[in-house]
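Here's the structure, in structure tokens; my notes come after.
Just so we're on the same page: letters track the sequence lines, and every chain starts at 1.
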Amino acid sequence: MAIKLYNTLTRQKEVFEPLQPGKVSMYVCGPTVYSKAHVGHAMSALVFDIIRRYFLYRGYNVMHVMNYTDVDDKIIQRANQEGIDPIKLAERYIEEYRRHVADLNCLPATHYPRATQEIGQIISMIQNLGENDYAYAVEGDVYFRVTKDQDYGKLSGRKLEDMQAGARIGVDERKEHPMDFALWKSAKPGEPAWDSPWGKGRPGWHIECSAMNLHHLGEQIDIHGGGNDLIFPHHENEIAQSESLTGKPFARYWVHNGMMQLAGQKMSKSLGNLVTIEEFLAAHEGDALRMMVLNSSYRNPLTFGEDVIAQAESALERLRNALRPASGGQASPELQQQVEATRRAFEECMDDDFNSAGALGYLFELARTINQGKDAGQDVAGAQAALRELMTVLGLRTEKPAAQGAAAAPFIELLIEMRRELRAQKLWALSDLVRDRLAALNVVIEDSKQGTTWRWK
RNA sequence: GGCGUCGUGGCCAAGUGGCAAGGCAAGGGUCUGCAAAACCCUGAUCAGGGGUUCAAAUCCCCUCGACGCCUCCA
């Protein structure tokens with residue numbers, strides 16, 4: 001069975017064939033670090049983490065590069081407002097982002113290049129483009145000449161004539177064509193700047209990704225990812241730059257995730273309708289967001305809201321409950337067959353453009369099978385191991401991360417022990433009081449024939 | 001105006017030609033001192049209209065509606 005994935009470039013699902021057998025090179029556009037990241041950024045990180053984990057599960061060696069844009073107009077503007085160094089500002093948000101991604105249980109990328117660390121590479125690329133007539137300099141700025149690129153627009157399906165260049169923003173009269181875009185921007189006084197053949201300046205937005213790709217992954221890569229808001233102009237321009245330079249197809253598969261929506265609109269910094277990752281994680285665990293992402297298809301918009309979060313949390317709990325220890329039992333060949341069928345169905349879904357919602361459905365069916373097995377006194381350890389494994393493939397934690405009050409455990413157990421005595425003496429009111437008060441402290445108590453268990457809510 | 005995505009039960013959502021997965025919520029039941037967890041049972045003909053087909057949620061056309069991109073954006 002082969003993995004199929006939807007390629008924005010061809011607008012269809014294609015069988016994944018890597019450039020090198022057994023290896024996947026994947027580049028994902030990261031954030032511009034000028035303010036706090038929001039759950040939309042988290043969605044993108046989660047989507048590509050899920051994709052990456054699945055490739056790993058299928059035995060591929062994955063090279064995963066995610067960049068930080070750490071120099072641009074907004075960073076400079078924000079730093080000026082705060083009266084601090086732009087590079088410092090970027091550094092601050094990079095650190096924060098890194099923590100968030102870890103909290104979301106995303107595997108760390110293989111490399112995290114930054115624009116400011118690739119200046120040499122960027123300059124030589126621009127020079128090269130200039131020598132081949134793909135770029136021209138005007139007063140210290142350098143632009144890419146879109147008319148020189150035969151297939152410009154192929155990713156986003158646009159023609160130069162159809163684009164209303166400058167419809168919403170004034171056209172720079174110095175450009176040969178309104179759609180020409182900046183490769184290098186001359187510096188104004190006080191801005192971060194690097195020496196270049198065109199004078200002091202800094203790279204344009206698109207060129208950094210082309211340069212980082214070339215540097216870290218080579219002239220051609222398997223998968224290039226990012227949010228679908230990057231298709232145009234960012235990824236279009238990356239293709240233009242990279243392919244004009246190397247003469248080779250750049251990325252084989254372009255993969256784009258849909259946008260997180262809030263209040264019926266795309267969540268974005270410019271609109272201001274956002275929930276930061278920090279805010280989300282203060283109230284919920286990262287896996288709740290991951291469940292939301294898994295339960296929908298990554299290419300479609302995902303609506304953010306408290307009701308949907310609550311649903312995801314309940315669903316997550318159901319999966320984890322199925323993993324709670326069972327008390328031995330009879331081996332069951334039927335159960336084992338079920339497990340194998342689940343695994344096949346799971347893979348079939350994930351193979352089909354990472355249909356995580358479908359795959360998740362089979363995990364819930366497996367959970368039910370496990371619970372039924374428990375009731376029937378069967379040995380469900382093997383089924384639980386499979387569920388645990390497949391949850392991990394999706395990046396779900398099989399247990400709730402240890403709560404803050406871990407030190408309270410001995411005291412909780414003491415209370416449970418005393419409550420056992422109360423129950424033995426049928427002092428129901430008192431024993432229920434203990435349970436209720438613990439519940440108020442987010443400790444859930446459950447009685448069963450095997451005894452009493454507790455866990456953090 | 002151009003390019004693109006989408007509209008499935010109360011909510012989230014898979015399915016993209018052959019009797020509509022799964023989760024959450026709800027109601028009924030079993031178990032339990034009670035509760036929780038768990039198990040069993042109950043519910044949609046797929047925005048609307050037309051067409052193709054033996055057969056359509058699934059293909060084609062039209063209408064309505066939502067959203068994204070065309071400026072920075074995951």
- Message: Could you tell me the Watson-Crick or G-U partner of B/C24, where both distances fall under 3.5 Å? Say none if there is no partner.
- Response: B/G10
- Message: Is there, by distance only and without an angle test, a donor paired with an acceptor across the side chain of A/Q311 and the base of B/G23 below 3.5 Å?
- Response: yes
- Query: Who does B/C3 pair with, Watson-Crick or G-U, both distances under 3.5 Å?
  - Reply: B/G68
- For the pair made of NZ in A/K426 and P in B/U32, what is the distance, rounded to whole Å? 13 Å
- Task: Return the stacking result for B/G33 and A/W428: yes when the ring centres lie under 5.5 Å apart and the planes under 30°, no otherwise.
- Result: yes
- Message: Given 3.5 Å as the limit, does a donor-acceptor pair link the side chain of A/D141 with the main chain of A/K185, or not?
- Response: no
- Tightest non-hydrogen contact, residues A/G40 and A/M267, listed as N-SD, 3.9 Å
- Task: Taking only the side-chain nitrogens and oxygens of A/R318, find out if one of them lies under 4.0 Å from OP1 or OP2 of B/A38.
- Result: yes
- Task: Can you check whether any acceptor in the base of B/G33 is under 3.5 Å from a donor in the side chain of A/R423, or vice versa?
- Result: yes
- Whole-angstrom distance between B/C11 and B/U16, as gauged at atom C1': 23 Å
- Test applied, side chain to side chain contact (heavy atoms under 4.5 Å, CB included); reference residue, A/C209; option that passes from A/S242, A/C29, A/P113: A/C29
- Message: Expressed as a whole number of angstroms, how long is the span from A/R78:CZ to B/C72:C1'?
- Response: 14 Å
- Task: Assign A/T453 to base, sugar-phosphate, or nothing according to its heavy-atom contacts below 4.0 angstrom with the strands shown.
- Result: nothing
- Task: Could you tell me whether A/G40 contacts a base, only the sugar-phosphate backbone, or nothing, with contacts defined as non-hydrogen atoms closer than 4.0 Å?
- Result: base
- Item | B/G48 versus B/A13 - spacing of their C1' atoms, nearest Å | 22 Å
- Item | A/N295 (side chain) and B/C12 (base): donor-acceptor pair under 3.5 Å | yes
- OP1 or OP2 of B/C39 under 4.0 Å from side-chain N/O of A/N371: yes
- Query: Base, sugar-phosphate, or nothing: which does A/E446 touch, judged by heavy atoms less than 4.0 Å apart?
  - Reply: base
- Query: Going by distance alone, is a donor N or O of one side chain under 3.5 Å from an acceptor N or O of the other, for A/R114 and A/T116?
  - Reply: no
- Message: By the 4.0 Å heavy-atom rule, please label A/L230 as base, sugar-phosphate, or nothing.
- Response: sugar-phosphate
- Query: How would you label the contact of A/H256 with the nucleic acid (heavy atoms, under 4.0 Å): base, sugar-phosphate, or nothing?
  - Reply: nothing
- Query: For A/H38 and A/E278, does a side-chain donor sit closer than 3.5 Å to a side-chain acceptor?
  - Reply: no
- List the steps and the verdict of salt bridge (Lys or Arg N to Asp or Glu O under 4.0 Å) for A/E82 and A/R92. CA-CA 13 Å; A/E82 295 189 20; A/R92 188 168 88 204; 3.3 Å; yes
- Message: Side chain of A/N300 only, heavy atoms from C-beta on: which candidate in B/A74, B/C72, B/C6 is closest?
- Response: B/C6
- Message: Do A/H256 and A/N228 pair up side chain to side chain, a donor and an acceptor below 3.5 Å, judged on atom types alone?
- Response: no
- Task: Quote, to the nearest angstrom, the P distance that separates B/C6 from B/U58.
- Result: 14 Å
- Message: From NZ of A/K154 over to C1' of B/C69, roughly how many Å is that when rounded to an integer?
- Response: 19 Å
- Query: Rounded to the Å, how far apart are A/F364 CZ and B/A13 C1'?
  - Reply: 11 Å
- Item | Between P of B/G15 and NZ of A/K4, the distance in whole Å | 11 Å
- Determine the Euclidean distance between corresponding C1' atoms of B/G49 and B/C64; express it in Å to zero decimal places. 10 Å
- Query: According to a strict under-4.0 Å criterion, is A/Q372 in side-chain N/O contact with OP1 or OP2 of B/C40?
  - Reply: yes
- Query: If only atom types and distance count, is the side chain of A/R320 paired as donor or acceptor with the main-chain N or O of A/R397 below 3.5 Å?
  - Reply: yes
- Message: Just to be sure I understand the rule, does A/N321 reach a base, reach only the sugar-phosphate, or reach nothing, if contact means heavy atoms closer than 4.0 Å?
- Response: sugar-phosphate
- C1' gap between B/U63 and B/A37, integer Å: 50 Å
- Do A/R58 and A/Y54 get their side chains close enough for a donor-acceptor pair, meaning under 3.5 Å? yes
- Query: When all nucleic acid strands are considered with a 4.0 Å heavy-atom cut-off, which category describes A/M260: base, sugar-phosphate, or nothing?
  - Reply: base
- Query: In whole Å, what separates the C1' atom of B/A44 from that of B/G15?
  - Reply: 14 Å
- Query: Which part of the nucleic acid does A/E313 contact within heavy-atom distance under 4.0 Å: base, sugar-phosphate only, or nothing?
  - Reply: nothing
- Complement of B/A57, any strand, by Watson-Crick or G-U distances under 3.5 angstrom: none
- Item | Sugar-phosphate only, base, or nothing, as touched by A/G225 at under 4.0 Å among non-hydrogen atoms | nothing
- Message: What contact category does A/G264 fall into here, base, sugar-phosphate, or nothing, at under 4.0 angstrom with non-hydrogen atoms?
- Response: sugar-phosphate
- Presence of A/S297 side-chain N/O under 4.0 Å of B/A14 phosphate oxygens OP1/OP2: yes
- Message: Does B/U5 have OP1 or OP2 under 4.0 Å away from a side-chain N or O of A/N228?
- Response: no
- Query: Does a distance-only test, which skips hydrogens and angles, find a donor-acceptor pair under 3.5 Å between the side chain of A/R435 and the base of B/C34?
  - Reply: yes
- Task: May I ask which nucleotide in the shown strands pairs with B/A38, Watson-Crick or G-U wobble, both distances under 3.5 Å?
- Result: B/U30
- Give a yes or no on whether a donor-acceptor pair under 3.5 Å exists between the nucleobase atoms of B/C67, that is its base, and the side chain of A/K266. no
- Item | Below 4.0 Å: OP1/OP2 of B/G23 and any side-chain N or O of A/R368 | yes
- Task: When you get a sec, tell me which of B/G68, B/A37, B/C70 is the closest nucleotide to the side chain of A/Q261?
- Result: B/G68
- Query: Taking for each residue the nucleotide of RNA chain B bearing the nearest heavy atom, is the 5' side occupied by A/H234 or by A/L360?
  - Reply: A/L360
- Considering only heavy atoms and no angle criterion, is a donor-acceptor pair shorter than 3.5 Å present between the side chain of A/R158 and the base of B/C69? yes
- Task: Check the distance between B/C69's C1' and A/H235's NE2 and give it to me in whole angstrom.
- Result: 13 Å
- For A/L271, report the nucleic acid contact type (base, sugar-phosphate, nothing); a contact means any heavy atom under 4.0 Å. nothing
- Write down the distance separating the C1' atoms in B/C41 and B/C59, rounded off to the nearest Å. 38 Å
- Per nearest nucleotide of RNA chain B, the residue lying toward the 5' end, A/D352 or A/T369, is A/D352
- Item | Side-chain heavy atoms of A/V444 within contact of A/E446, under 4.5 Å | yes
- Query: How would you label the contact of A/S156 with the nucleic acid (heavy atoms, under 4.0 Å): base, sugar-phosphate, or nothing?
  - Reply: sugar-phosphate
- Message: Is it the case that B/G33 (base atoms only) and A/D432 (side chain only) share a donor and an acceptor within less than 3.5 Å, ignoring hydrogens and angles?
- Response: yes
- Look at all strands and tell whether A/M292 reaches a base, only sugar-phosphate, or nothing, counting heavy atoms closer than 4.0 Å. nothing
- Within this structure, what is the CG-to-P distance between A/D229 and B/C70, rounded to whole angstrom? 8 Å
- B/C31 and B/C46, which share atom name P, separated by this distance in whole Å: 41 Å
- Task: Round to the nearest Å and state the distance from A/M259 atom CE to B/C67 atom P.
- Result: 16 Å
- Query: Counting any heavy atom closer than 4.0 Å, what does A/D447 reach on the DNA or RNA strands: base, sugar-phosphate only, or nothing?
  - Reply: base
